[in-house]
Amino acid sequence: MLMKKLLKVIIIVAVLAAVAFGVKSFFFNTDASSQVGALISTKVVTDTIKTTISATGTLEPVDQVEVGTQVSGDIAKINADFNSKVKKGQVIAELDKSKLQSTLKQAMISYKSAENDLKFKQSTYDRVKKLAESKSASAVELEQAEYNLNAAKLSVEQRQNEVAQARLNLSYATIKSPIDGVVLKRAVDVGQTVAASMSTPTLFIIAKDLVQMKVMAAVDEADIGQVKAGQRVSFTVDAFQNDTFHGTVQEVRLNPTTTSNVVTYTVVITAENPDQKLLPGMTATCTIVTQEITDAVTIPVKALKFKPAEGTPMVDPKDIPRPPRKSADSAAVASDNFPPPPPGMGPGGIPGTGAKKKHKKPKLEGDHVWININGKAAPRRVKIGLNDGVNVQILKGLNVGDSVVVSQETTTTKTSKSDAASPFMPQRPGKKKK
C-alpha cells in the first residue's frame, strides 16, 4: 500500500510539473534575434581645431603706484578720494608744514651766521698775510689764519646743505600724484599723524589706467609647459557671466608658488578694458589656447573608435573610387586603405563558389576609420594630428566630403512562441507539432 501511494504522488508531481512548463512556454517564452542596423555617418569637413588649458587668476591694473610720504607729520588737507581721477603733479594731500617751516628758518639762520663768520675769517687771513709778507707776522700765525678760513668755508657749505634739506622736507609735505590715473585706495584722514621714521607710510594707491588690465593667472605645473608668450586667451568674470573678454599671454614668471603641495606658476595676461567693466580684484576664469589650426580637415573622435558589428556588409574594393595614382606603387598604396579579403574569399568577401557568406572583419593596425559607400563599410587608414577631445585633425587618408561612419543602428526582433502549438491543445488536421 505504501509503495502504491508513493508512486501515485510521484505521478501527480510529474504531471503538475509538465503542465507548469507547458504554460510557461506557451505564454512567456520569446526568442530575440539581433539584426545588423544601418550605418550612421557624418561628412569630413574643414573646421578650426584647438587645444586649451584652464586657469583662474585675479585682475589687476597694468601699473599701480603706492603714494607715501618721506616726512612725518599730521595730515592737514586731502584733495583726492576713492575713485578720484588725478593728473601727474596734482596735489592730492598736504601735511602740517609749521614744524618743517620752523626747521627751514633755523637752517637759514645758521647759514647766514656761517657766512658772517666766513667774512671775518677771510679778512683776518688777508691781514695776517700782509703782515707775514713784511715780516711782521710769523709763519705760524699765517698758517692758523689760513686754517680758520678753510674751516669757515666748510661751515658755510654745511649750513647751505642743511637749508636745502629743510626746503626739500618742506616740499615733501605736499603730496603729489606721480602718474595720471585713478585713486583706488585712500589710507589716511585729515588730522591723522603719519610717521616716516622706519618705513614710508602708504597714503594712496593710484592705478595708472583702467583701460588696460592684466590677469595674474595661476597655471598648474602639469600645463605650464604648453604656455608661451603671445598665445590667445579668453576669460570670463562672475560680474558679467554673459560676456567673454580676450587677452594675450605677456609672460610666464619662473618663480613657483606652492599651496597645499600644489605647484603653480604665475602667467601674466594683458587685456583691453575699453568699457572699464573689468575692475581690480575680480576673479577671472581663463582659457588659454595652446594650439590652434584653422581650416583643418576634421572628423569626430568617435569615428576612430567605431567598430562594425558582425555581419555588416563590406564594400568590394573594386567598387571604391580612388584618385589617380602618380606613382607605380598604387597597389601598395591601395593595400594601406583596403586590406585584402580573408583567405578563401573573393572581392568584397564573396567566396569563389558564388554563394553569399559573411566574412570576418579584416584586422587593422594603427589609426583607421570606416567610410560609408552606399550603405557598406570600407576601412581606411588615416594619419591624425591635433585632437581636442571632440574632433581630430586628419593629416592623411581622407578628403573633405567623405562619409565617415561614427556609429551603427542595432535592431532587435522578438518572436513569441505563443504562436507555437500548445502541447495540451488538439492540433488542426495536417499541422505538425513543432
Quick one: do L398 and V404 satisfy side-chain contact (heavy atoms from CB on, under 4.5 Å)? Show the steps, please. CA-CA 9 Å; L398 293 174; V404 179; 3.9 Å; yes
Might you point out which heavy atoms bring A80 and V86 nearest each other, and give the distance in Å? CB-CG1, 4.2 Å
Can you confirm whether T248 sits close enough to I269 that some side-chain heavy atom of one is under 4.5 Å from a side-chain heavy atom of the other? no
K97, NZ atom: more than 12 neighbouring heavy atoms under 6.0 Å: yes
Are the side chain of S102 and the backbone of K99 linked by a donor-acceptor contact shorter than 3.5 Å? no
Between A377 and W370, the two heavy atoms sitting closest are CB-CE3, 3.8 Å
Any carboxylate oxygen within less than 4.0 angstrom of a Lys/Arg side-chain nitrogen, looking at E162 and R159? yes
Just checking, is any N or O donor in the side chain of N169 or Q165 under 3.5 Å from an acceptor N or O on the other one? yes
Any side-chain heavy-atom pair of I175 and T69 under 4.5 Å: yes
For the pair E66 (side chain) and P201 (backbone), establish whether a donor and an acceptor sit closer than 3.5 Å, ignoring hydrogens and angles. no
For R186, is there an ion pair with D81 - N to carboxylate O distance below 4.0 angstrom? yes
Polar side-chain atom of N372 near backbone of G375 as donor-acceptor pair, under 3.5 Å: yes
V163 vs L104, side-chain contact (heavy atoms from CB on, under 4.5 Å): CA-CA, chis, key distance, verdict: CA-CA 6 Å; V163 171; L104 175 60; 4.1 Å; yes
Result of checking V183, I206, I78, L203 against I92 for side chain to side chain contact (heavy atoms under 4.5 Å, CB included): I206
Close side-chain approach of L210 and P61, heavy atoms under 4.5 Å: yes
Flag side-chain contact, heavy atom, 4.5 Å: H246 against V233: no
Counting N and O atoms only, with roles assigned by atom type, does the side chain of D388 sit under 3.5 Å from a partner on the main chain of V392, one being a donor and the other an acceptor? no
List, one per line, each side-chain donor-acceptor pair under 3.5 Å for residues 287-302, sequence neighbours excluded.
unit_1: T290; atom_1: OG1; unit_2: T51; atom_2: O; d: 3.0
unit_1: T290; atom_1: OG1; unit_2: T51; atom_2: OG1; d: 2.9
unit_1: E292; atom_1: OE1; unit_2: R232; atom_2: NH2; d: 3.0
unit_1: E292; atom_1: OE2; unit_2: R232; atom_2: NH2; d: 2.9
unit_1: T298; atom_1: OG1; unit_2: V45; atom_2: O; d: 3.4

Smallest separation among heavy atoms of M282 and A239, with atom names: CE-CB, 3.8 Å
Side-chain contact, heavy-atom cut-off 4.5 Å: Y111 with N161? no
The reported gap from CG in N391 to NZ in K50 (rounded to nearest 0.5 angstrom) is 12.0 Å
List the steps and the verdict of salt bridge (charged side-chain N to carboxylate O under 4.0 Å, His left out) for D243 and K277. CA-CA 10 Å; D243 294 340; K277 290 183 176 180; 3.0 Å; yes
From CG (L395) to CD1 (I384), nearest 0.5 Å: 8.5 Å
Rounded to the nearest 0.5 Å, what separates atom NZ in K88 from atom OG in S177? 9.5 Å
Would you please classify the geometry between the F245 ring and the F240 ring as parallel, tilted or perpendicular, with 30° and 60° separating the classes? perpendicular
Applying side-chain contact (heavy atoms from CB on, under 4.5 Å) to T264 and T259, what does each step give before you reach the verdict? CA-CA 8 Å; T264 58; T259 305; 5.7 Å; no
Shortest non-hydrogen separation from I205 to T202 and the atoms involved: CG1-CG2, 4.2 Å
When rounded to the nearest 0.5 Å, the distance separating CD1 of I373 from CG of D402 is 8.5 Å
Under 3.5 Å, side chain of S110 to main-chain N/O of Q106, donor-acceptor pair present? yes
Rounded at 0.5 Å granularity, tell me how far OG1 in T312 sits from NZ in K307. 13.5 Å
Does M108 have more than 12 heavy atoms from other residues, nucleotides or ligands lying within 6.0 Å of its CE? no
Using atom types as modelled and distance alone, determine if a side-chain donor or acceptor of D96 lies under 3.5 Å from a backbone N or O of A76. no
Flag side-chain contact, heavy atom, 4.5 Å: H368 against V382: no
Q90 side chain to K87 backbone, donor-acceptor under 3.5 Å: yes
Inspect the surroundings of NZ in K228 and state if more than 12 heavy atoms from other residues, nucleotides or ligands are less than 6.0 Å away. yes
Any side-chain heavy atom of P313 within less than 4.5 Å of one from K376? yes
Is there a donor-acceptor pair under 3.5 Å between the side chain of Q393 and the backbone N or O of L386? yes
Using side-chain heavy atoms (C-beta onward) and a distance below 4.5 Å, is L95 in contact with D74? no
Which pair of heavy atoms, one from V263 and one from Y265, lies closest together, and at what distance? CG1-CE1, 4.0 Å
How far does CZ of R253 sit from CD1 of I224, to the nearest 0.5 angstrom? 12.0 Å
Test side-chain contact (heavy atoms from CB on, under 4.5 Å) on V369 and V405 and set out the steps. CA-CA 7 Å; V369 297; V405 183; over 6 Å; no
Could you tell me whether a side-chain N or O of S260 sits under 3.5 Å from a main-chain N or O of V262, the two making a donor and an acceptor? no
Return all side-chain donor-acceptor pairs below 3.5 angstrom for residues 211-220, not counting sequence neighbours, or 'none' if the list is empty.
unit_1: Q212; atom_1: NE2; unit_2: E272; atom_2: OE1; d: 3.0
unit_1: Q212; atom_1: NE2; unit_2: E272; atom_2: OE2; d: 2.7
unit_1: D220; atom_1: OD2; unit_2: A222; atom_2: N; d: 2.9

Closest heavy-atom contact between G247 and F235? N-CE2, 4.4 Å
